[in-house]
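The basis for the numbers below is simple: all heavy atoms, side chains too, and nothing from hydrogens, waters or symmetry mates. It should be emphasised that the depicted structure is a prediction, and the values quoted were computed from it without experimental measurement. The chains referred to below are lettered A, B, ... by the order of the sequence lines, with proteins before strands, and numbering in each begins at 1.
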Amino acid sequence: MTKTITLTINGRRVTAQVSPRTHLADFLREQQLLTGTHLGCEHGVCGACTLLIDGQPARSCITYAVACDGRAVTTVEGLDADPTAAELRDAFSAEHGLQCGFCTPGMLVAARDVVLRKPDADDRQIRVEMSGNLCRCTGYVGIVNAIRRVLDARKTNAG
Amino acid sequence: MKAALFDYERPDGLDGALALLSRDDLSVRPVAGSQSLGPMLNLRLVQPDLLVDVSRLPELTGIRRDGDHLVIGASVTHARLEDGDYPDVTGGALARVAAGIAYRPVRNRGTIGGSLAHADPAADWVSALTAMGASVVLAGPAGRRTVPMDGFILGVFETALQPGEVIAEVRVPAFSPAARWGYYKVCRKTGEFSHATGAVLLDPPRGVARAVIGAVSGPPLVIDDPAVFTDPARRDAVAADRLATSSIAGDPAAIRTHMVALARAIAQVNP
Ligand SMILES: Cc1cc2nc3c(=O)[nH]c(=O)nc-3n(C[C@H](O)[C@H](O)[C@H](O)COP(=O)(O)OP(=O)(O)OC[C@H]3O[C@@H](n4cnc5c(N)ncnc54)[C@H](O)[C@@H]3O)c2cc1C
Ligand code: FES
Ligand code: FES
């Protein structure tokens, strides 16, 4: 039972054979060798596998690759040249927003969404918006501060 | 945490989907955002032979105004309802409920129809749309029928959907400008499923004074008694009475939590 899908992965057009039961994260990690997308819980709760589908954050563990035919998927590897992601990477380093890094790919994708969609978020809103991403070692203070830093810098630069 | 083998089809139109869903030689299920079905497949709690993707069906992805109703396609995502790019008839109530469901990455894919069909008693749309007096339009081999929300959810993961039927649309009656909406969801963690829900709509020009207690391990409890909005003693008495015959009857802590959820929802509509 395989299906042929054609999708864009980090700007590259890819045609592949997938078994419908293969979720998007396994497809990316094992068939495309893009291991930046991490898997924690595999049932939608921890956020480690969060990536972009057509520019919108999504869980790749409970989205099947076969359902992404025709879509554009962006993983953390595809955000190298993204200006918002670059600001966030610097801020995560400066604010100690990671320790082991396991949650970080999902954190960066979710944080980028907060910066773009909620530019006026206060710390409480940042915490609410980031509540779907679990970190088991850094703690959340550094992560919230990193997002705060990017939002504040953007406001200073805009004003 | 890997799903068992299944096959997958994504027909172009609703008729094609209904034809596949009426097959009785296989176990066939619709799939929309896969945000509830995905976890169940990965945990192998369900092992269908064939999934029919309804998430992109043009008949299920629109939002339109139809007289005094807003008609929401079953495959409209929570995120779209949160963002509000539609002629809202609920004074922001739909957006507020949507924004409290799970987390944005889940809301980007999860759909209103998938949520109702899944019928988790703790799901937000299950309680909220019951309080709004919404109805669902079901499409199946024998045509279409409309079922009021109060009557669609029959139990835990149990609905009025018959084999081969899908939810096509959700019809939400327009609130009057004077309407007041109250919604309170008890959670320990932001974005998780509700432990107890209060959902209330007070809309005097339309003669609506509806209070709903949700997340009761069964269908939402509907209380049509305007006095519960004005008289706290009556509110508690009626709620206690209804909860005493619900599925959580033996659990005093849960009963208390549900009474608090209702009281807090009602507090939001009382100026
Ligand atoms: C981490 C996490 C947290 C969550 N928290 C909440 C929460 O706080 N509140 C809440 O309400 N929900 C929550 N959810 C569930 C989420 O809202 C789901 O999106 C929703 O329940 C199912 O929608 P779906 O489109 O993903 O449906 P799917 O998962 O695709 O399908 C669910 C069920 O509905 C059936 N189905 C789908 N579409 C149709 C249709 N048109 N007609 C008939 N049957 C259909 C499927 O066969 C399946 O049985 C959470 C999910 C996750 C992963
Ligand atoms: S691995 Fe996808 S949310 Fe945990
Ligand atoms: S940095 Fe280790 S889990 Fe978040």
Closest approach of [X] to [Y] (non-hydrogen atoms, all atoms of both residues):
X	Y	answer
B/G38	A/I62	C-CG2, 3.8 Å
B/P220	B/V212	CB-CG1, 3.7 Å
B/L20	B/P11	CD1-CG, 4.0 Å
A/A48	A/F102	CB-CE2, 4.0 Å
B/P121	B/V126	O-CG1, 4.4 Å
B/P30	B/V166	CG-CG1, 4.3 Å

field: side chain to side chain donor-acceptor pair (under 3.5 Å): pairs with one or both residues in residues 89-107 of chain A, sequence neighbours excluded
entry: A/E95-A/R149
field: A/I53 versus chain B, the contacting section by heavy-atom distance below 4.5 Å
entry: side chain
message: Below 4.5 Å, heavy-atom pairs only: which of A/C41, A/A67, A/C61, A/G44 has the largest tally toward chain B?
response: A/A67
- line: Counting heavy-atom pairs under 4.5 angstrom with chain B, the leader among A/G47, A/G132, A/P20, A/A110 is A/P20
query: Do A/L52 and A/V109 pass the side-chain contact (heavy atoms from CB on, under 4.5 Å) test, and can you show the C-alpha distance, the side-chain angles, and the key distance before you say yes or no?
result: CA-CA 7 Å; A/L52 301 174; A/V109 171; 3.7 Å; yes
field: chain A contact via B/A4 - side chain, backbone, both or neither, heavy atoms under 4.5 Å
entry: backbone
Would you list the atom pairs in which one atom of chain A and one of chain B form a donor-acceptor pair under 3.5 Å?
residue	atom	partner	partner atom	Å
A/K3	NZ	B/Y8	O	3.1
A/K3	NZ	B/E9	OE2	3.2
A/R21	NH1	B/A3	O	2.5
A/D26	OD1	B/K2	NZ	3.2
A/D26	OD2	B/K2	NZ	2.6
A/E42	O	B/N42	ND2	3.0
A/E42	OE2	B/K2	NZ	2.8
A/P57	O	B/N108	ND2	2.8
A/C61	O	B/N42	ND2	3.0
A/I62	O	B/S34	OG	2.5
A/Y64	OH	B/G38	O	3.3
A/Y64	OH	B/N42	OD1	2.8
A/A67	O	B/R56	NH2	2.8
A/D69	O	B/R56	NH1	3.1
A/D69	O	B/R56	NH2	2.8
A/D69	OD2	B/R10	NH2	3.0
A/S131	O	B/K189	NZ	2.6

